[in-house]
Amino acid sequence: DADPAGRAIVKLPGGGGMGNLVLTSDTIDSWPERVRELWAKSVPVPRPSDVVIEHWLPWESSYSVSFLLAPGRAPLPLAACEQVVDPERGEWVGSKSHGSLDEADVSAMLDLLRPVFAVMAADGVVGVVALDVIVGSGTAWPGRGFPLPSGRRLCVIECNPRFNQHNRIGMIVEQLARRWDVPVADLSWSMRNVDPPAGTTLAVLLATVENDGPMIPDAPTHDGPVRMGFAHRFEKLMELTV
């Protein structure tokens with residue numbers, strides 16, 4: 001189902017947001033071949049389906065909202081991180097802790113999503129769960145989504161009942177804050193995927209971390225941030241800036 005501009009999003013299950021493709025009506029003849037190429041690049045693991053095709057909604061920002069679900073306790077918010085998405089490919093390329101929404105919209109987003117997490121908890125779900133949402137113009141999605149104080153609307157895209165890159169990085173920053181003896185609320189961070197140096201594989205990067213041990217830099221200052229690199233399972237480097 002394409003939007004009025006003739007776009008649809010194709011998602012590769014298990015691709016971690018990096019196996020997506022945007023198809024447009026003016027290139028419809030190339031769709032089968034592009035999907036085959038996307039599938040050929042994937043890691044051959046069992047999947048429930050070859051690809052998922054989703055309706056395209058015009059959006060302004062994308063968020064991953066994580067809660068901790070525990071028996072007998074109210075859902076506990078963990079993180080609301082803005083996802084950095086390439087709009088041309090629909091591909092996730094990074095995250096940041098301080099997004100484009102104001103405090104009122106973020107608070108409303110958490111309040112709107114809290115009942116969804118509560119239903120999951122009542123059904124017996126335990127652990128870290130993340131909902132991916134998009135935020136767009138209040139007039140762009142007639143009959144869809146939830147209103148926010150700013151007049152924008154929020155729409156739930158998918159559920160990830162697991163740790164993901166957003167809440168994992170948040171936990172790393174929490175540990176860094178304790179190591180640096182700095183309130184975590186005083187820190188902001190961003191993370192992006194970058195290609196490793198030529199000739200370097202993920203196995204080599206992981207071996208380096210295992211052999212040398214992680215290096216913890218000094219705390220950031222107003223004069224400059226701290227940058228750290230991590231190996232990523234998709235043959236990428238994660239560059240964290242705090």
Side-chain angles (χ1 to χ4, degrees), residues 16-17 59-70 73-86 92-114 116-118 127-136 146 148-152 154 156-157 160-194 205 208-209 212-233 236-242:
W59 53 273
E60 297 174 0
S61 57
S62 175
Y63 278 76
S64 177
V65 182
S66 302
F67 274 67
L68 174 64
L69 308 184
R73 296 189 178 184
L76 176 67
L78 289 183
C81 305
E82 183 167 354
Q83 303 187 85
V84 182
V85 179
D86 183 334
W92 173 75
V93 295
S95 311
K96 52 185 178 179
S97 60
H98 290 62
S100 55
L101 294 183
D102 61 26
E103 186 175 342
D105 274 3
V106 172
S107 178
M109 176 169 62
L110 294 177
D111 289 342
L112 287 167
L113 297 179
R114 198 182 307 270
V116 180
F117 289 103
V128 176
V129 181
L131 289 178
D132 288 350
V133 304
I134 55 174
V135 177
F146 303 98
L148 296 175
S150 65
R152 298 181 179 90
L154 174 148
V156 178
I157 298 299
N160 295 297
R162 55 178 171 79
F163 281 103
N164 61 17
Q165 299 302 341
H166 313 286
N167 45 50
R168 282 175 176 166
I169 294 298
M171 292 176 67
I172 290 173
V173 174
E174 177 77 35
Q175 291 178 321
L176 290 172
R178 295 180 183 183
R179 182 75 64 91
W180 294 331
D181 195 24
V182 174
V184 70
D186 291 349
L187 299 175
S188 63
W189 59 263
S190 63
M191 188 276 293
R192 66 189 183 103
N193 290 321
V194 297
L205 291 171
T208 300
V209 172
D212 298 339
M215 300 297 293
I216 305 299
D218 293 334
T221 66
H222 291 293
D223 296 327
V226 166
R227 287 187 173 86
M228 303 177 67
F230 301 88
H232 193 288
R233 66 187 178 99
K236 295 279 189 178
L237 279 173
M238 291 193 307
E239 184 181 75
L240 172 64
T241 302
V242 183

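We count residues from 1, following the sequence as given.
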By salt bridge (Lys or Arg N to Asp or Glu O under 4.0 Å), which residues pair with [X], not counting sequence neighbours?
X	result
R227	none
D111	R114
R192	E239

Does D186 CG have over 12 foreign heavy atoms under 6.0 Å away?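 Enclosed: over 12 neighbouring heavy atoms sit under 6.0 Å from CG of D186.
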Once you round to the nearest 0.5 Å, how far does [atom1] of [X] lie from [atom2] of [Y]?
X	Y	atom1	atom2	answer
I172	W189	CD1	CH2	9.0 Å
L131	S66	CG	OG	8.5 Å
S64	L78	OG	CG	10.5 Å
F117	L110	CZ	CG	9.0 Å
L148	D102	CG	CG	9.0 Å
L154	L113	CG	CG	5.5 Å

Return the minimal non-hydrogen interatomic distance between [X] and [Y], and the atom names on each side.
X	Y	answer
P149	A108	CD-CB, 3.5 Å
E82	S100	OE1-N, 2.7 Å
V226	P220	CG2-N, 3.5 Å

Kindly indicate whether the side chain of I157, heavy atoms from C-beta on, has any atom under 4.5 Å from the side chain of W59.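 A side-chain contact is absent here, since even the closest heavy-atom pair is not under 4.5 Å.
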Are any non-hydrogen side-chain atoms of V173 and S97 less than 4.5 angstrom apart?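 No, every pair of side-chain atoms sits at 4.5 Å or beyond.
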Could I get the full list of side-chain hydrogen bond (donor to acceptor under 3.5 Å, both in side chains) partners for S150, not counting sequence neighbours?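 Testing S150 for side-chain hydrogen bond (donor to acceptor under 3.5 Å, both in side chains), a comparison that skips the adjacent residues, returns D105, R152.
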With S62, which residues qualify under side-chain hydrogen bond (donor to acceptor under 3.5 Å, both in side chains), at least two apart?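 S62 satisfies side-chain hydrogen bond (donor to acceptor under 3.5 Å, both in side chains) with Q83 only.
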Holding to ring pair (Phe, Tyr, Trp, His ring centres under 6.0 Å), I want the full list of residues that pass it with Y63, two or more places apart in sequence or in another chain.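 For Y63 there are no ring pair (Phe, Tyr, Trp, His ring centres under 6.0 Å) partners, ignoring immediate neighbours.
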Stepwise, does the side-chain contact (heavy atoms from CB on, under 4.5 Å) test hold for V156 with V116? CA-CA 10 Å; V156 178; V116 180; 5.7 Å; no
